[in-house]
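Below: one structure, written as structure tokens.
We count residues from 1, following the sequence as given. Computed from a predicted structure; not experimentally measured. Counting starts at 1 for both ligands and their atoms, in listed order. Heavy atoms only: backbone and side chains are in, while hydrogens, waters and symmetry mates are out.
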Amino acid sequence: MTDPHASPSVAECLQQAVRQGLARVDAQILLLFALARPLHDRAWLLAHDTDQLTEAQQHNWDQALQRRLQGEPVAYITGRKDFFGLTLNVDARVLDPRPDTEILVEWALELLPVGQPTRVLDLGTGSGAVALALQHQRPAAKVTAVDASADALVVASANAQRLGLPMKCVLSHWMDAVPGPFELIVSNPPYVAEGDPHLAALTHEPLQALTSGVDGLDDIRQIIAQAPSRLAPGGWLLLEHGWDQAAPVQALLRKAGFIQVQSRRDLAGVERCTGGVMPD
Ligand code: GLN
């Protein structure tokens with residue numbers, strides 16, 4: 001007979017969470033967090049499945065589980081998210097970085113020569129995920145990260161400092177406060193349409209980082225309108241966007257004078273990023 005007052009084991013905690021509807025991987029990460037273990041060390045849980053939690057660990061676990069059951073992203077509960085090989089500190093002041101955004105980073109890296117002081121601008125940097133990944137991969141690049149949210153910039157600059165990356169942070173509504181020129185401009189802007197039912201699952205994240213007018217394209221239109229005056233000749237603009245926005249974003253870019261307009265697919269096969277070149 002199991003003693004009902006005994007603290008649960010590692011295996012019992014995971015079972016409890018999965019029964020309540022958590023994804024197994026989320027349960028594992030949150031349990032490692034509650035146990036103050038490295039979050040990538042899921043093998044440790046297997047090797048210690050009969051270990052019983054201390055009272056303090058059980059308290060941490062209950063709190064983490066309740067927060068997740070209320071829909072809070074795992075990254076806000078643990079305060080951390082891995083993105084392109086970097087561990088970022090994240091919280092509710094910034095969007096939780098998505099793995100799909102790594103596509104934007106990969107495309108940008110193809111365009112950034114190694115060892116060159118290329119001027120790069122990241123618009124709506126949030127936690128700094130995209131800008132810091134680029135600065136980390138291209139140490140010689142001159143990376144500027146902007147956000148219209150002072151709160152987000154605090155998170156981004158703290159991440160830059162902690163990771164020892166020299167990226168510059170500027171408070172700016174899109175390109176208003178950055179004269180350029182830049183050889184590359186990247187952005188994962190807000191692009192969800194106001195009223196999109198999908199927003200119901202994202203209530204813990206900053207709405208200003210998610211929605212952009214009735215069709216979700218208001219901010220993308222502003223960025224595309226400003227970019228030609230900030231890009232060096234031959235410079236690229238790369239934008240992440242919604243699953244059904246590749247065609248309108250391509251049309252907006254062509255109308256603004258961009259050439260070589262093209263889209264890239266995300267991990268799910270959805271056209272998720274679109275970009276083009278400002279001709280000489
Ligand atoms: N990709 C996010 C989502 O749909 C939205 C991110 C954004 O608007 N930039 O969950």
Is E240 paired with R265 through a side-chain N to carboxylate O contact shorter than 4.0 Å? no

Side chain or backbone of D100 under 4.0 Å from ligand 1, or both, or neither, by non-hydrogen atoms? neither

Any chance the side chains of W107 and E102 put a donor and an acceptor closer than 3.5 Å? no

For ligand 1, find out whether one of its N or O atoms is nearer than 3.5 Å to an N or O atom of V192. no

Before you tell me yes or no, could you show the steps for D82 and T87 under side-chain hydrogen bond (donor to acceptor under 3.5 Å, both in side chains), namely the whole-Å CA-CA distance, both residues' side-chain angles and the distance that decides it to 0.1 Å? CA-CA 4 Å; D82 284 347; T87 300; 2.7 Å; yes

Between S212 and ligand 1, find which residue part has any heavy-atom pair under 4.0 Å and reply side chain, backbone, both or neither. neither

When you compare ligand 1 with R98, is there at least one nitrogen or oxygen pair between them that comes in under 3.5 angstrom? yes

List the closest protein heavy-atom neighbour of atom 1 (N) of ligand 1: residue, atom name, distance to the nearest 0.1 Å. Y191 OH, 2.8 Å

For L210, the ligand 1 atoms whose distance to one of its heavy atoms is below 4.0 Å: 5 (C), 8 (O)

Report, in ascending order of atom number, the atoms of ligand 1 lying under 4.0 Å from any heavy atom of P189. 7 (C), 8 (O), 9 (N)

Among non-hydrogen protein atoms, atom 4 (O) of ligand 1 lies closest to H198 NE2, 3.0 Å

So how far is it from R230 CZ to I223 CD1, rounded to the nearest 0.5 Å? 12.0 Å

How about Q245 and D215: does a side-chain donor come under 3.5 Å of a side-chain acceptor? no

Judged by non-hydrogen atoms, does G124 sit under 4.0 Å from ligand 1? no

Looking only at heavy atoms, what is the nearest atom pair of A133 and F83, with distance? CB-CE2, 4.1 Å

Between R93 and D151, does any NZ, NE, NH1 or NH2 come within less than 4.0 Å of an OD or OE carboxylate oxygen? no

Does A201 come within less than 4.0 angstrom of ligand 1, counting non-hydrogen atoms of the residue? no

For the residue pair S212 and D218, confirm or rule out a side-chain donor-acceptor distance under 3.5 Å. no

Short list, please: which atoms of ligand 1 are under 4.0 Å from a heavy atom of L202? 10 (O)

